[in-house]
Amino acid sequence: MGTVTIAIAGKGGTGKTTLAALLIKFLKTERKGYILAIDGDPSSNLNLALGLELKETVGGIREEALQEVQAGGGSTRGISKHDWFEYRINQALVESPRLDLIAMGRPEGPGCYCAANNIIRAVIDRLGDEYDYVVIDNEAGMEHISRQTTRHIDYLFVVSDPTLRGLMAAHGIKELVRELGPHGTRVSRMFFVVNRVNGTLPEMFQQKAAEMGLEPLFALPADPTIGEFDMQGRPIIEIGVDAPIYQAVRELAIKAGL
Ligand SMILES: Nc1ncnc2c1ncn2[C@@H]1O[C@H](COP(=O)(O)OP(=O)(O)O)[C@@H](O)[C@H]1O
Ligand SMILES: [Mg+2]
């Protein structure tokens, strides 16, 4: 069995990181195997949601490499760039029982070191192969996913808030995936997730989503437990299995076939 790759996309603030953490909780609780979490959003702090302490990011390592090159070699001399990145990225890996985390950090700044990005992507791709599940918490769009990995995405969850504008943003991502098609990141199954729903989704909203081809559609409840955890700085992954939000994510994961 190969690695199952799961990616979460959607507008900022819709609940991507929350969903990523809860899907990881589901995999840890109810499935076997090892999980690699990739924090692909520089402003997301997936590590906090997972209760893991982050020391460095891949972006920081790329900066370090750039400075090394500008300084004329130093510690990178004598070994291939690939080996150097592999070594440093392994150092940046945060390990915990059955769950490791790598944070991509900030994308390249003005001194873009583009050759490094290809090496980094190859290293991250290979790293992922060592796990049963790779879960990527992404920044807004698909282009970010392609920049970070060439992995085939088995499950893409597109998260939206319960507004028409949210649906339109989700539709935009769907279109992008279709357009990128064979040239970009390949996606096997796409699911749409409307998060922070109070009560049930209005019939009209569901109809609209269906018209846009946003199916299968899952609704996740607004759950005050999340706010409590946020306020107390507690990792979302520690939320009780009987919390409505976890129950809903669990059901979603099972229906999606995870
Ligand atoms: N189902 C939910 N119920 C209540 N609060 C939520 C829910 N999902 C997310 N939140 C809160 O909304 C905010 C944004 O969620 P987050 O997962 O960080 O979004 P994103 O990663 O898409 O930017 C956070 O403060 C989070 O705690
Ligand atoms: Mg986030």
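Indexing begins at 1, ligand by ligand and atom by atom, following the structure's order.
- With contacts defined as side-chain heavy-atom distances shorter than 4.5 Å, the pair Met104/Ile38 qualifies.
- Of the possible donor and acceptor atoms, none in the side chain of Asp137 sits under 3.5 Å from a partner among the backbone N and O of Asp39.
- Within the structure, ring-ring contact (aromatic ring centres under 6.0 Å, His included) pairs that include any residue of residues 187-236 comprise Phe157-Phe191 (at least two apart or interchain).
- For the pair Arg189 (side chain) and Asp154 (backbone), a donor-acceptor distance under 3.5 Å is present.
- Comment: Glu228 does not engage Arg234 in a salt bridge, judged by the lack of any side-chain N to carboxylate O separation of less than 4.0 angstrom.
- By the criterion of a separation under 2.8 Å, the protein N/O/S atoms near the Mg ion (ligand 2) amount to Thr17 OG1.
- By the 4.0 Å heavy-atom criterion, Gly227 is excluded from the residues contacting ligand 1.
- Residues Ile226 and Ile245 have side chains in contact (heavy-atom distance under 4.5 Å, counting atoms from C-beta outward).
- Taking every heavy atom of Pro221 and a limit of under 4.0 angstrom, the matching atoms of ligand 1 come to 1 (N), 2 (C), 3 (N).
- Leu167 is listed as a side-chain neighbour of Leu214, based on a closest heavy-atom distance under 4.5 Å.
- Applying the 4.0 Å criterion to heavy atoms of Asp230 picks out, from ligand 1, the atoms 24 (C), 25 (O), 26 (C), 27 (O).
- Remark: of the listed residues Asp100, Thr5, Thr3, Asp100 is the sole one forming a side chain to side chain donor-acceptor pair (under 3.5 Å) with Tyr131.
- The atoms of ligand 1 that sit less than 4.0 Å from any heavy atom of Asn195 are 1 (N), 2 (C), 7 (C), 8 (N), 9 (C).
- In the vicinity of Lys11, heavy-atom distances shorter than 4.0 Å reach the ligand 1 atoms 22 (O).
- The atoms of ligand 1 that sit less than 4.0 Å from any heavy atom of Gly15 are 15 (O), 16 (P), 17 (O), 19 (O), 20 (P), 22 (O).
- Residue Ile245 approaches ligand 1 through these ligand atoms, each under 4.0 Å from one of its heavy atoms: 1 (N).
- For the pair Gly10 and ligand 1, no heavy-atom separation below 4.0 Å is found.
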